[in-house]
Amino acid sequence: MLYIETKSKRYPLYLGEEGLTALRSIYQQLQPKPSSVLVISDSVIAPLYMKQVTEALADADIHTYVIPSGEKEKSFENYYAVQTYALEKGMDRRSVIIALGGGVIGDLAGFVAATFMRGIRFIQMPTTLLAHDSAVGGKVAINHPIGKNMIGAFYQPEAVIYHIPFLYTLPEEEWRSGYAEVIKHGVIGDAHLYDWLQKEILSLEDLRGEKLQYALQRAIAVKAKIVAADETESGVRAYLNFGHTLGHAIEAELGYGRMTHGDAVAVGMRFAHLLSERIYGIELARKEFEKWLLGYRYPKLPPELNIERLLLRMKQDKKAELGVIRMVLLKGIADVCVEEVPDVVVLDTLAQFAQTEHL
Ligand SMILES: NC(=O)c1ccc[n+]([C@@H]2O[C@H](COP(=O)([O-])OP(=O)(O)OC[C@H]3O[C@@H](n4cnc5c(N)ncnc54)[C@H](O)[C@@H]3O)[C@@H](O)[C@H]2O)c1
Ligand SMILES: [Zn+2]
């Protein structure tokens, strides 16, 4: 069992094939004893795994709530509906929420837990590869039509339970999406993981069994270390944004859901390489990085996107201050910095990037 340490809390993270047993024992050890439990999941995951989870909780007073699957469901309407349901079921301050799902369910259920009766306990049970990122660190949120993750909190769970067998029903595009964040964790914080991925994960199908567990363990360790150093994103936590400034801009410009988050981040990471070489005047084996990523069938920058509009989106990023673009750049593997980059430099590099994408 790994422990996630933050200023506000220390909690266990179980990763392995016995997650249901771990859930039962962690649940039984909760103090004070929970009065009831609400398992929140989505319409794809619930038919697959809800029964196993509720059975693991055996004698608890269990309620379940299922929302439709998809990013657009991380909404105020669903947040409100879950709160109503919890109140109608008589849940109280000693109740516990279990988030059974990917980042959408983890973020939404976590935000319900953070605010129901001013905060009740919750457990993350991530079911996607991407959720190795979202389930650790305590950022919980819902979307507003004006922007993603605009309403939320920092709120740590009681535990994260990663039952690996749950991942095996993921479709290929979700493996690829989540794997981008694994690569990101290697790039920003673990040179050994970075090399290991290049050698061992020749295709996404290699992400199974022990290799999957090893990759997850190393990637989670990077995230955990950063969160331990900076729970509320005043410093190094910004490193987690590597590849995300352009990635978010692409997602927003295309319209959410048109490209997976990880696919957009993969484009963003390749762009960040180019920009890093330019800003620091160094060589970063960029061609090898591109070839490696494209080998997993990550997409190129969609040609229909207009680079001036992408620049505008990057200036509106939550991490930009006073409209100045701040990007995580690389000096080497596991050696990153946050830099303010002038608009003209971003635009010019974007133009170069866009041009070479479709030669
Ligand atoms: N809180 C954070 O720190 C943080 C970090 C990164 C991302 N996020 C958020 O995470 C969300 C994306 O997460 P995601 O990629 O997991 O998306 P998701 O939760 O929508 O899951 C992706 C798809 O896979 C399906 N699915 C989930 N588990 C499955 C399984 N085991 N088998 C088959 N299908 C399954 C879902 O129904 C969905 O259709 C975004 O909203 C993003 O903002 C949050
Ligand atoms: Zn991300």
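Start at 1 and go down the list; that is how both ligands and their atoms are numbered. On a predicted model such as this, the values are computed, not experimentally measured, just so you know.
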*Give the atoms of ligand 1, by number and element, whose distance to some non-hydrogen atom of F166 is under 4.0 Å.*
30 (C), 31 (N)
*Test K89 against S36 for side chain to side chain contact (heavy atoms under 4.5 Å, CB included), laying out the working first.*
CA-CA 9 Å; K89 292 292 171 190; S36 60; over 6 Å; no
*If you measure from each non-hydrogen atom of I45 to ligand 1, which part falls under 4.0 Å: side chain, backbone, both or neither?*
side chain
*So, is the end of the K184 side chain (NZ or CZ) under 6.0 Å from the ring centre of F242 and within 45° of the ring's axis?*
no
*asked:* As an exercise, state the distance from CG of L167 to OG1 of T127, rounded to the nearest 0.5 Å.
replied: 7.5 Å
*Which residue holds the protein heavy atom closest to atom 9 (C) of ligand 1, what is that atom called, and what is the gap in Å?*
D107 OD2, 3.4 Å
_Atoms in ligand 1 flagged as close to T128, the criterion being non-hydrogen separation under 4.0 Å_ = 16 (O), 21 (O), 27 (C), 28 (N)
*Trace of the side-chain hydrogen bond (donor to acceptor under 3.5 Å, both in side chains) decision for H261 with E181*: CA-CA 9 Å; H261 178 67; E181 304 280 13; 3.0 Å; yes
*What residue and atom, counting heavy atoms only, is the protein's closest point to atom 28 (N) of ligand 1, and at what distance?*
T127 OG1, 2.8 Å
*Under a 4.0 Å heavy-atom limit, does T260 contact ligand 1 with its side chain, its backbone, both, or neither?*
neither
*asked:* Please check if the number of heavy atoms outside R286 that lie under 6.0 Å from its CZ is greater than 12.
replied: yes
*Check step by step if salt bridge (charged side-chain N to carboxylate O under 4.0 Å, His left out) holds for E357 and R270.*
CA-CA 10 Å; E357 284 286 86; R270 292 193 295 109; 2.8 Å; yes
*Region of N149 engaging ligand 1 - heavy atom pairs below 4.0 Å*: side chain
*Proximal atoms of ligand 1 relative to Y49 (non-hydrogen, under 4.0 Å)*: 31 (N)
*For atom 6 (C) of ligand 1, which candidate among G257, S134, S177, G110 holds the nearest heavy atom?*
S134
*Taking both backbone and side chain into account, is any N, O or S atom of E181 nearer than 2.8 Å to the Zn ion (ligand 2)?*
yes
*side chain to side chain contact (heavy atoms under 4.5 Å, CB included) evaluation trace for L23 with Y14*: CA-CA 9 Å; L23 171 66; Y14 171 88; over 6 Å; no
_Suppose we measure from atom 29 (C) of ligand 1 to each protein heavy atom; which comes out shortest, and what is that distance?_
L170 CD2, 3.4 Å
_Per-residue contact class, Y168 against ligand 1 - non-hydrogen pairs under 4.0 Å_ = neither
*Within less than 4.0 angstrom of ligand 1, does H261 place any heavy atom?*
no
_Identity of the N, O or S atom of H261 lying closest to the Zn ion (ligand 2)_ = NE2
*asked:* Donor-acceptor check, side chain of S41 to backbone of L100, threshold 3.5 angstrom: yes or no?
replied: yes
_One residue to check: E181. Relative to ligand 1, which of side chain, backbone, both or neither has a non-hydrogen atom less than 4.0 Å away?_
neither
*asked:* If you count every heavy atom of other residues, nucleotides or ligands that lies below 6.0 Å from K72 atom NZ, does the total exceed 12?
replied: no
*Got a sec: does the NZ of K148 have more than 12 other heavy atoms crowding it under 6.0 Å?*
yes
_Minimum distance, heavy atoms only, to atom 43 (O) of ligand 1: which one of H132, K74, E73, E71 is it?_
K74
*Could you check atom 24 (O) of ligand 1 against the protein and tell me its nearest heavy-atom contact, residue, atom and distance included?*
E174 CG, 3.8 Å
*Can you tell me if CZ on R309 sees more than 12 non-hydrogen neighbours from other groups inside 6.0 Å?*
no
*asked:* Under a 3.5 Å threshold, yes or no: a donor from one side chain and an acceptor from the other, between Y214 and E200?
replied: no
*asked:* What I want to know is whether K139 and ligand 1 share at least one N or O pair that is separated by under 3.5 angstrom.
replied: yes
_Testing K9, Q29, R121 one by one against E158 for a side chain to side chain donor-acceptor pair (under 3.5 Å), which residue passes?_
K9
*Protein heavy-atom partner closest to atom 12 (C) of ligand 1 - residue, atom, separation in Å*: L130 CD2, 3.7 Å
*Among E172, E173, E174, whose salt bridge (Lys or Arg N to Asp or Glu O under 4.0 Å) with R176 holds?*
E172
*Which of the atoms of ligand 1 are close to K148, meaning less than 4.0 Å from one of its heavy atoms?*
40 (C), 41 (O), 42 (C), 43 (O)
*Between Y296 (side chain) and A180 (backbone), is there a donor-acceptor pair under 3.5 Å?*
no
*For atom 38 (C) of ligand 1, which candidate among G262, S69, P165, A141 holds the nearest heavy atom?*
S69
*What protein heavy atom is closest to atom 37 (O) of ligand 1, reported as residue, atom name and distance in Å?*
D42 OD2, 2.7 Å
*Under the ring-ring contact (aromatic ring centres under 6.0 Å, His included) rule, what do Y194 and W292 come out as? Steps first, then yes or no, please.*
CA-CA 11 Å; Y194 182 82; W292 180 47; 5.5 Å; yes
_Selected option - heavy-atom contact closest to atom 33 (C) of ligand 1, from I67, L100, T169, N143_ = T169
*Kindly confirm or rule out an N or O of V44 lying under 3.5 angstrom from an N or O of ligand 1.*
no
_V227, V104, L240: member with heavy atom nearest to atom 19 (O) of ligand 1_ = V104
*Where's the contact between K223 and ligand 1, heavy-atom distance under 4.0 Å: side chain, backbone, both or neither?*
side chain
*Nearest protein heavy atom with distance in Å, relative to atom 14 (P) of ligand 1*: G103 N, 3.5 Å
